[in-house]
Amino acid sequence: MNILVTGGAGFIGGHLAERFAADGHDVVVLDNFDPFYAIDIKRHNVEAGRQAASASDGSYELVEGDVRDADLVADLVAGADHVYHQAAQAGVRPSVEDPRKYDEVNVDGTLNLLDACRDEGVERFVMASSSSVYGVPQYLPYDEEHPTTPVSPYGASKLAAERYAIAYSEVYDFPAVALRYFTVYGPRMRPNMAISNFVSRCLDGEPPIIYGDGTQTRDFTYIEDVVEANVTLLEEDAADGEVLNVGSTDNIAIKALAEEIRDQLAPELELVYEARHDADAEHTHADTTKAGELLGYDPDHTIREGVGKFVEWYRENRDWYEPLVRGS
Ligand code: NAD
């Protein structure tokens, strides 16, 4: 199949492109190498995709460009059977500094893709949404019926994009699915996220820094589980027109996560606490029943297993990854 992965040089898109190429598909990646974090991490994502294609019957093409470029997007969608839209300006805290950019990339960029999908016809449009659309929890775990009241410009932009995708799907009659990811982690993950920070600091003999008192809880979702949900959507149509939570098996407080990583890597270190950021969610927790029913989604990495795999990968790739993750 011909698969367009926007944001395919990023963390999640990079893993999707790699998997699709390894499975023998013809993959085109659209990414503008936004300097939000170290671009060399993105080069490694691209290299992984190229290697996967060279070891299979698949192919891999990188197009450096912007989802805000409607003509380019239309050209690329015209050659695609499936579109996996992962490109976004990510990051809750920076969205408070520059909300307009989040609107332009996350909302207008998504509309460019949706216009092209409407005009060209695609087998399915799958987009990355976020647990940030929920905002302040009225109950936990969040199911998809939970009110959506995002508390950051980032969350608002992801909600707008997701609603456009579902509305286009209904009005223009093409299959679209939005997956609400809950804090994804794993090899080549972004810097400035709790797990990459904690691991790199502990391995360097520096204490993990917790923002707030560490009682905030999160679903941490291992990247392989996220990839499986997306791969299922190449064939499965049961979720067309739907929004689904893609979370993890267990929910953990940031403090407990820091202790788990510290105990595995550097038990002598004391945790350090700094001021919490207001835009950060206090608690997120996914009810994944719907994704289980419609996609057979069954995340099977506990936090201990996932962190263990990430640490193993980190040690093997420390020479190139650590300077990038620490320098970003
Ligand atoms: P990422 O920043 O690693 O990947 C996003 C990619 O999009 C980057 O490579 C970036 O260069 C590219 N990009 C940004 N602006 C672009 C533009 N204008 N045109 C083309 N490409 C552009 O982030 P990620 O963690 O891989 O996230 C992927 C998707 O998943 C995003 O849509 C994000 O909102 C969503 N998401 C991620 C998480 C998570 O925990 N990582 C959680 C919830 C939702």
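Both counts, for ligands and for their atoms, begin at 1 and track the order of listing.
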Novice: Which one holds for S129 and ligand 1: side chain close, backbone close, both close, or neither close, with close meaning a heavy atom under 4.0 Å?
Specialist: backbone
Novice: Which residue owns the protein heavy atom closest to atom 42 (C) of ligand 1, what's the atom, and how far is it?
Specialist: Y181 CB, 3.8 Å
Novice: Would you kindly specify which portion of H85 sits under 4.0 Å from ligand 1, judged on non-hydrogen atoms: side chain, backbone, both or neither?
Specialist: neither
Novice: Would you check whether S130 has a nitrogen or oxygen atom less than 3.5 angstrom from a nitrogen or oxygen atom of ligand 1?
Specialist: no
Novice: Taking atom OH of Y164 as the centre, does the number of heavy atoms from other residues, nucleotides or ligands within less than 6.0 Å exceed 12?
Specialist: no
Novice: Among protein heavy atoms, which sits nearest to atom 14 (C) of ligand 1, and what does the distance come to when rounded to 0.1 Å?
Specialist: A88 O, 3.3 Å
Novice: With a cut-off of 6.0 Å (strictly less than), are more than 12 heavy atoms of other residues, nucleotides or ligands near CG of D57?
Specialist: no
Novice: Cation-pi check, R93 to Y211: give yes when NZ or CZ is under 6.0 Å from the six-membered ring centre and within 45° of the ring axis, no otherwise.
Specialist: yes
Novice: Is NZ or CZ of R118 both nearer than 6.0 Å to the six-membered ring centre of Y172 and within 45° of the ring axis?
Specialist: yes
Novice: Would the number of heavy atoms belonging to other residues, nucleotides or ligands and lying under 6.0 Å from CZ of R318 be above 12?
Specialist: yes
Novice: At under 4.0 Å between heavy atoms, is it the side chain or the backbone of K158 that contacts ligand 1, or both, or neither?
Specialist: side chain
Novice: With a 4.0 Å heavy-atom cut-off (strictly under), which part of D34 contacts ligand 1: side chain, backbone, both or neither?
Specialist: both
Novice: Evaluate the side chain to side chain contact (heavy atoms under 4.5 Å, CB included) criterion for residues D250 and F220: first the C-alpha distance (whole Å), next the side-chain angles of each, then the deciding distance (0.1 Å), finally the verdict.
Specialist: CA-CA 8 Å; D250 45 10; F220 287 96; over 6 Å; no
Novice: Numbering the atoms of ligand 1 from 1, which are under 4.0 Å from a heavy atom of R68?
Specialist: 18 (N)
Novice: Heavy atom of M193 under 4.0 Å from ligand 1?
Specialist: yes
Novice: May I ask you to check if ligand 1 and F36 share an N or O to N or O distance below 3.5 Å?
Specialist: no
Novice: With only distance considered, is F11 within less than 3.5 Å of ligand 1 through an N or O on each side?
Specialist: yes
Novice: Is the Y84 to F20 ring centre distance short of 6.0 Å?
Specialist: yes
Novice: Could you identify the single nearest non-hydrogen protein atom to atom 2 (O) of ligand 1 and state the distance to 0.1 Å?
Specialist: Y37 CE2, 3.5 Å
Novice: For ligand 1, which atoms have a heavy atom of V105 less than 4.0 angstrom away?
Specialist: 15 (N), 18 (N)
Novice: Who's the nearest protein heavy-atom neighbour of atom 26 (O) of ligand 1, and how far?
Specialist: I12 N, 2.8 Å
Novice: Note the single closest protein heavy atom to atom 16 (C) of ligand 1, along with its residue, its atom name and the distance in Å.
Specialist: N32 OD1, 3.2 Å
Novice: Nearest to atom 25 (O) of ligand 1, what protein heavy atom do you find, and at what distance?
Specialist: R190 NH1, 2.8 Å
Novice: Can you check whether D34's main-chain N or O pairs, donor with acceptor, with N32's side chain at less than 3.5 Å?
Specialist: yes
Novice: Which of the atoms of ligand 1 are close to F33, meaning less than 4.0 Å from one of its heavy atoms?
Specialist: 11 (O)
Novice: Under a heavy-atom criterion of less than 4.0 Å, does A9 contact ligand 1?
Specialist: yes
Novice: Say whether Y314 and E322, considering side chains only, have a donor N or O and an acceptor N or O under 3.5 Å apart.
Specialist: yes
Novice: Do you see a donor-acceptor pair shorter than 3.5 Å between the side chains of H285 and T217?
Specialist: no
Novice: Please identify which atoms of ligand 1 are closer than 4.0 Å to at least one heavy atom of Q86.
Specialist: 28 (C), 29 (C), 31 (C), 32 (O)
Novice: Where is the nearest protein heavy atom to atom 33 (C) of ligand 1: which residue, which atom, and how far?
Specialist: Y154 OH, 3.5 Å
Novice: Can T289 and D287 be counted as having a side-chain donor-acceptor contact under 3.5 angstrom?
Specialist: yes
Novice: If you count the atoms of ligand 1 from 1 in the order shown, which ones are under 4.0 Å from a heavy atom of G65?
Specialist: 19 (N), 20 (C)
Novice: Is it true that the side chains of R188 and N45 contain a donor and an acceptor less than 3.5 Å apart?
Specialist: yes
Novice: Just wondering, are more than 12 heavy atoms of other shown residues or ligands nearer than 6.0 Å to CD in E268?
Specialist: yes
Novice: Show the atoms of ligand 1 that are less than 4.0 angstrom away from any heavy atom in A87.
Specialist: 7 (O), 21 (N), 22 (C)
Novice: Can you name the one residue among H283, H146, R180 that meets side chain to side chain donor-acceptor pair (under 3.5 Å) with Y134?
Specialist: R180
Novice: A128 heavy atoms, cut-off 4.0 Å: which ligand 1 atoms fall inside?
Specialist: 29 (C), 30 (O), 32 (O), 35 (C)
Novice: Among all protein heavy atoms, pick the one closest to atom 39 (C) of ligand 1 and tell me residue, atom and distance.
Specialist: V184 N, 3.6 Å
